[in-house]
Engineer: 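Here it is: the structure, laid out below.
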Protein chains: 2
Amino acid sequence: MKAEARITVNEGKYLKLIYRKQHEEFSRVRTTVVAKSVRVRPATVTEMLQNLAEKGLLRYTRYRGVRLTEKGFAEAQKLLRKHRILETLFVRFLNYDVQKACDEASKLDHYASEDLVNTICRAYGHPETCPCNKTIFSHEGCEEKPLGKARWKII
Amino acid sequence: MKAEARITVNEGKYLKLIYRKQHEEFSRVRTTVVAKSVRVRPATVTEMLQNLAEKGLLRYTRYRGVRLTEKGFAEAQKLLRKHRILETLFVRFLNYDVQKACDEASKLDHYASEDLVNTICRAYGHPETCPCNKTIFSHEGCEEKPLGKARWKII
DNA sequence: AAATTTTTTAGGTAAGACCTAACTTTTCCT
DNA sequence: AGGAAAAGTTAGGTCTTACCTAAAAAATTT
């Protein structure tokens, strides 16, 4: 468990995937399946799982599977929250369709600051689900607070 | 000149910097100055300039300086356009102050698709300058087109 | 023209993401 | 149960990006 250190985009990609599979689809996270979905060889997935384990983001038992730790769970939720709030923005503000919104959000979520995401979240009154109906986790420090003027203004 | 190939975030950072210095501040692009502003050793800057030259984004004469090619010029404008439109969104929609908007835009501009940026551009009626008054270059394919419903709706 | 400053070259390092081939476990069938 | 097939892992690479230091070479200053 290599202590803190920032998470890379790629690590984030795996965390989101694992979270969805495990906590939203209640299915087992299989190396081969992940490999297919990330378009990478199984060996690469194994490597990444070990790496995530070293960083304390999940527990990994070889041949048996994987389970997010508190920290990994939190990190995944943080990312998915960003992702889903961005989706919300793109659909509501720009009229993007769900698929496009999701694609775009995938490109940006990792890089968007929490502050940005929280501000958007507030602007939309703390939505509970994203445009595709997945839940948007709530987050401390994202309540109250003044809103952007856009709220009262016809753009 | 190594043909196409995608530009990395970092390459983009240099292009934006060079563009601003050369075409907006009309000052010479000096290795040492760039090094300071990017917080890197001069040798690293030289290396990057050579690299950008190989990719055909600028012409580089050692000890003498650098000049963007058509391609590099276009690339820089593309990025700055993204940057400035994102700033516009953050200031107008979220009420961000200019500095914060700029910081956030810096993190995202490289990753935002042109489509996204154009859609935002349209939503704000093709603004000509960003919140800090720098010009937002216009872009083919970013005119007309239907707008997001946000335009007619009080959010 | 010397001294100083700036820039470049040469020769590294390190992290991230990948891969193939061979090996080990687990799972599935008969 | 027991062996074949499938799934997962290890070992030992490669490649790209982005850095760095020290020494050498040009350009500037004085």
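All values below were derived from every heavy atom in this structure, side-chain atoms included, with hydrogens, water molecules and symmetry-related copies excluded. On a predicted model such as this, the values are computed, not experimentally measured, just so you know. Naming: A, B, ... by sequence-line order, numbering from 1 per chain.
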Engineer: Can the ring centres of B:Y19 and B:F26 be said to be less than 6.0 Å apart?
Structural biologist: no
Engineer: Looking at the rings of B:H110 and A:Y111, which for Trp means the six-membered one, are their centres under 6.0 Å apart?
Structural biologist: no
Engineer: Indicate whether OP1 or OP2 belonging to D:dA27 is found under 4.0 Å from a side-chain N or O atom of B:R62.
Structural biologist: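 No, B:R62 has no side-chain N/O under 4.0 Å of OP1/OP2 on D:dA27.
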Engineer: With sequence neighbours left out, write down each residue that passes salt bridge (Lys or Arg N to Asp or Glu O under 4.0 Å) with A:K107, or none if nothing qualifies.
Structural biologist: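 A:K107 satisfies salt bridge (Lys or Arg N to Asp or Glu O under 4.0 Å) with A:E104 once adjacent residues are dropped.
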Engineer: Are A:L17 and A:V33 grouped together when hydrophobic residues (ILVMFWY) are joined by side-chain heavy atoms under 4.5 angstrom apart?
Structural biologist: no
Engineer: If the threshold is 4.0 Å, N to carboxylate O, is there a salt bridge linking B:E24 and B:R84?
Structural biologist: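 Looking at B:E24 and B:R84, the cut-off is met.
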Engineer: Listed in order of residue number, which residues of residues 105-112 of chain A have a non-hydrogen atom at under 4.0 Å from DNA chain D?
Structural biologist: none
Engineer: May I ask you to decide if the ring planes of B:F93 and A:Y124 are parallel, tilted or perpendicular, using 30° and 60° as cut-offs?
Structural biologist: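 Answer is tilted, since the angle falls between 30° and 60°.
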Engineer: Should the pair B:R81-B:E114 be classified as a salt bridge under the 4.0 Å nitrogen-to-oxygen rule?
Structural biologist: no
Engineer: My understanding is that only residues two or more places apart in sequence, or in another chain, count here; which of them pass salt bridge (Lys or Arg N to Asp or Glu O under 4.0 Å) with A:K21?
Structural biologist: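 Partners of A:K21 under the salt bridge (Lys or Arg N to Asp or Glu O under 4.0 Å) test: none.
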Engineer: Could you tell me the separation between the CG atom of A:L49 and the C1' atom of D:dG8, rounded to a whole number of Å?
Structural biologist: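 Those two atoms, CG and C1', are 10 Å apart.
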Engineer: Hey, what are the protein-to-nucleotides 11-20 of chain D N/O distances that come in under 3.5 Å?
Structural biologist:
residue : atom : partner : partner atom : Å
D:dA18  : OP1  : B:T8    : OG1          : 3.3
D:dA18  : OP2  : B:T8    : OG1          : 3.4
D:dC19  : OP2  : B:N10   : ND2          : 3.3
D:dC19  : N4   : B:E47   : OE1          : 3.0
D:dC19  : N4   : B:E47   : OE2          : 2.7
D:dC20  : OP2  : B:R41   : N            : 3.0
D:dC20  : OP2  : B:T44   : OG1          : 2.7

Engineer: Between A:Y60 and D:dT9, is there a contact of a side-chain N or O with OP1 or OP2 at under 4.0 Å?
Structural biologist: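 Checking D:dT9 against A:Y60, a side-chain N or O does come within under 4.0 Å of OP1 or OP2.
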Engineer: Within residues 24-33 of chain A, find the residues that approach DNA chain C with a heavy atom at under 4.0 Å, and present them sorted by residue number.
Structural biologist: none
Engineer: Under the rule for salt bridge (Lys or Arg N to Asp or Glu O under 4.0 Å), what residues qualify as partners of A:K13, not counting sequence neighbours?
Structural biologist: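 Partners of A:K13 by the salt bridge (Lys or Arg N to Asp or Glu O under 4.0 Å) criterion come out as none, since no residue qualifies.
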Engineer: Under 4.0 Å between a Lys/Arg side-chain N and an Asp/Glu carboxylate O for A:E25 and A:R20?
Structural biologist: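 Judged by the 4.0 Å cut-off on N to carboxylate O distance, A:E25 and A:R20 do not form a salt bridge.
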